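Nothing here was measured: the structure is a model prediction, and the numbers come from that model.
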Amino acid sequence: MSILQSTNKRALRKAMITTLRQLPHSDIQSQSQAITEKILSLPAFQECKTISCYLSMPAAEVQTTSLILDVLGDLRKALFVPSITPSDDCMDFVRVYTEEDYRSLPSGLWGIPDPTPEWSGKKRQSVFDADCSNLDVILVPGVAFDRSLSRLGHGKGYYDRFITSYRSSPGLSKPLLVALALKQQLLERGQVPMLDHDWKMDMIITPDEIITAPQGECQDS
């Protein structure tokens with residue numbers, strides 16, 4: 001990464017986080033509900049069998065509790081959530097099975113629920129397990145996005161590394177990458193710096209609109 005690109009990312013991340021932290025809780029909840037309703041109406045969501053959704057922080061991003069409970073209430077879908085392995089600082093997606101399971105997750109870093117290694121005495125299923133169906137959709141968080149479907153994360157690279165690893169695994173294909181963005185997080189085209197290893201989104205959902213790539217434009221990198 002060049003010094004300029006690194007500086008631009010850090011400056012944008014700092015400015016956006018400051019803005020997001022100042023948003024009233026009621027505004028975030030209202031926007032999150034509108035986004036949830038858009039997701040639930042998406043054909044890609046309705047048809048998917050295996051979906052990953054991030055577990056939201058208490059503030060400063062789209063809240064996902066309502067959406068997670070909806071997925072857990074649909075017996076046709078399997079829900080997977082991010083899990084960070086401290087020893088190698090890598091992210092996996094592991095299964096959450098029921099509402100009881102979800103509500104019993106302990107609070108971890110930044111107040112985010114942290115999946116336990118086991119549920120009901122058994123190791124949680126991973127999306128990399130041989131008996132797991134292909135992951136259809138990943139609902140992706142971020143700090144900022146732009147209309148060219150670029151994403152700025154929190155700087156750890158968890159999602160970019162996971163997507164690269166998952167796509168390169170034998171028999172696995174790239175899931176649909178759907179970003180969830182508050183109105184304040186969406187910028188104009190070209191305003192989010194991107195590097196070669198950064199993955200663009202296939203879709204960005206805000207309270208007001210659904211942004212997709214122009215027909216014929218590939219989002220594989």
Side-chain angles (χ1 to χ4, degrees), residues 32-33 35-57 61-86 88 90-109 111-142 151 153 158-181 199 201-205 210 212 219-220:
S32 298
Q33 185 57 40
I35 290 168
T36 296
E37 290 171 4
K38 279 187 165 52
I39 295 168
L40 296 178
S41 67
L42 277 178
F45 174 83
Q46 294 172 351
E47 295 165 8
C48 77
K49 303 299 183 187
T50 307
I51 185 169
S52 166
C53 182
Y54 67 94
L55 302 173
S56 52
M57 297 184 290
E61 68 179 357
V62 176
Q63 300 296 289
T64 58
T65 296
S66 176
L67 183 58
I68 284 170
L69 295 178
D70 190 278
V71 175
L72 290 172
D74 187 340
L75 298 179
R76 300 166 299 175
K77 299 187 191 307
L79 174 70
F80 290 80
V81 301
S83 176
I84 308 298
T85 306
D88 57 10
C90 287
M91 184 173 73
D92 190 5
F93 286 104
V94 298
R95 186 160 182 189
V96 171
Y97 296 90
T98 66
E99 180 177 343
E100 179 190 1
D101 181 10
Y102 169 66
R103 293 194 183 280
S104 69
L105 298 179
S107 179
L109 186 65
I112 301 171
D114 189 17
T116 52
E118 297 183 347
W119 168 248
S120 291
K122 294 183 180 180
K123 180 180 177 292
R124 291 188 186 274
Q125 186 180 33
S126 161
V127 293
F128 288 107
D129 289 347
D131 63 348
C132 183
S133 301
N134 197 78
L135 188 55
D136 297 316
V137 176
I138 301 180
L139 301 178
V140 185
R151 169 184 175 267
Y158 289 131
Y159 276 86
D160 292 312
R161 293 201 307 272
F162 171 83
I163 296 162
T164 298
S165 174
Y166 190 83
R167 191 182 181 216
S168 63
S169 298
L172 300 178
S173 57
K174 183 177 82 68
L176 186 73
L177 305 178
V178 180
L180 311 187
W199 284 87
M201 302 292 98
D202 296 303
M203 186 181 297
I204 299 174
I205 301 181
I210 296 175
T212 57
Q219 294 300 113
D220 278 353

| remark: Val137 and Ala44 have their tightest heavy-atom pair at CG2-O, 4.1 Å
| field | Flag, side chain of Asp129 to backbone of Gln125, donor-acceptor distance under 3.5 Å | value | no
| request: Using side-chain contact (heavy atoms from CB on, under 4.5 Å) as the criterion, list what pairs up with Pro113, not counting sequence neighbours. | output: Leu55, Leu105
| query | Does the side chain of Pro106 reach to within under 4.5 Å of the side chain of Thr116, using non-hydrogen atoms? | reply | yes
| Considering residues at least two apart in sequence or located in another chain, which fulfil the salt bridge (charged side-chain N to carboxylate O under 4.0 Å, His left out) criterion with Arg95? | none
| remark: Correct closest heavy-atom pair for Pro115 and Val81 would be CG-CG2, 3.6 Å
| note | Here the gap from Ile35 atom CD1 to Ile204 atom CD1, rounded to the nearest 0.5 Å, amounts to 11.0 Å
| note | In terms of heavy-atom contacts, Gln63 and Ser32 come closest through N-OG, 2.8 Å
| request: Kindly write out the residues that satisfy ring-ring contact (aromatic ring centres under 6.0 Å, His included) with Tyr54, not counting sequence neighbours, or none if the list is empty. | output: none
| message | Side chains of Glu61 and Leu180, heavy atoms from C-beta outward: is any pair under 4.5 Å? | response | no
| message | Please find the pair of heavy atoms, one from Trp199 and one from Asp160, that lie closest to each other, and give the distance. | response | N-OD1, 2.9 Å
Please report, to 0.1 Å, the donor-acceptor pairs under 3.5 Å made by any side chain of residues 45-53, with sequence neighbours excluded.
{"residue": "Gln46", "atom": "NE2", "partner": "Leu40", "partner atom": "O", "Å": "3.0"}
{"residue": "Ser52", "atom": "OG", "partner": "Phe80", "partner atom": "O", "Å": "3.4"}

| query | At what distance, to the nearest 0.5 angstrom, does CD1 of Ile163 lie from CE of Met91? | reply | 7.5 Å
| side chain to side chain contact (heavy atoms under 4.5 Å, CB included) between Asp92 and Val127: does it pass, once the steps are laid out? | CA-CA 7 Å; Asp92 190 5; Val127 293; 3.8 Å; yes
| Got a second to check how far Arg103's CZ is from Thr65's OG1, nearest 0.5 Å? | 7.5 Å
| Could you state the interatomic distance from CG (Asp70) to CG (Leu67), rounded to the nearest 0.5 Å? | 6.5 Å
| query | What do the steps show when you test Val71 against Asp74 for side chain to side chain contact (heavy atoms under 4.5 Å, CB included), and what is the final call? | reply | CA-CA 5 Å; Val71 175; Asp74 187 340; 5.7 Å; no
| note | Across all chains, not counting sequence neighbours, the side-chain hydrogen bond (donor to acceptor under 3.5 Å, both in side chains) partners of Tyr158 are Asp89
| query | Tell me the salt bridge (charged side-chain N to carboxylate O under 4.0 Å, His left out) pairs involving residues 112-123, sequence neighbours left out? | reply | none
| query | Measuring from Leu69:CG to Glu99:CD, what's the distance to the nearest 0.5 Å? | reply | 5.0 Å
| Pairing residues for Ser107 by the side-chain contact (heavy atoms from CB on, under 4.5 Å) criterion, not counting sequence neighbours | none
| query | Taking only residues two or more places apart in sequence, or in another chain, which ones meet Ser56 in a side-chain hydrogen bond (donor to acceptor under 3.5 Å, both in side chains)? | reply | Thr64
| said: Please enumerate all residues that pass side-chain contact (heavy atoms from CB on, under 4.5 Å) together with Ser120, with sequence neighbours excluded. | reply: none
| said: I'd like to know whether Phe128 forms a ring pair (Phe, Tyr, Trp, His ring centres under 6.0 Å) with Tyr166, so could you lay out the CA-CA distance, the side-chain angles of the two residues, the decisive distance to 0.1 Å, and finally the verdict. | reply: CA-CA 8 Å; Phe128 288 107; Tyr166 190 83; 5.6 Å; yes
| At their closest point, which heavy atom of Ser126 faces which heavy atom of Cys132, and how far apart are they? | O-CB, 3.5 Å
| field | Residues that Leu72 engages under side-chain contact (heavy atoms from CB on, under 4.5 Å), provided they are two or more places apart | value | Ile68, Leu79, Val96, Tyr102
| message | Applying side-chain hydrogen bond (donor to acceptor under 3.5 Å, both in side chains), can you list everything that pairs with Asn134, at least two apart in sequence or on another chain? | response | Ser173
| Which residues share a side-chain hydrogen bond (donor to acceptor under 3.5 Å, both in side chains) with Arg161, sequence neighbours left out | none
| query | Heavy atoms, side chains only, cut-off 4.5 Å: are Leu42 and Ile210 in contact? | reply | yes
| request: Could you tell me the separation between the CE atom of Met201 and the CG atom of Leu139, rounded to the nearest 0.5 Å? | output: 11.0 Å
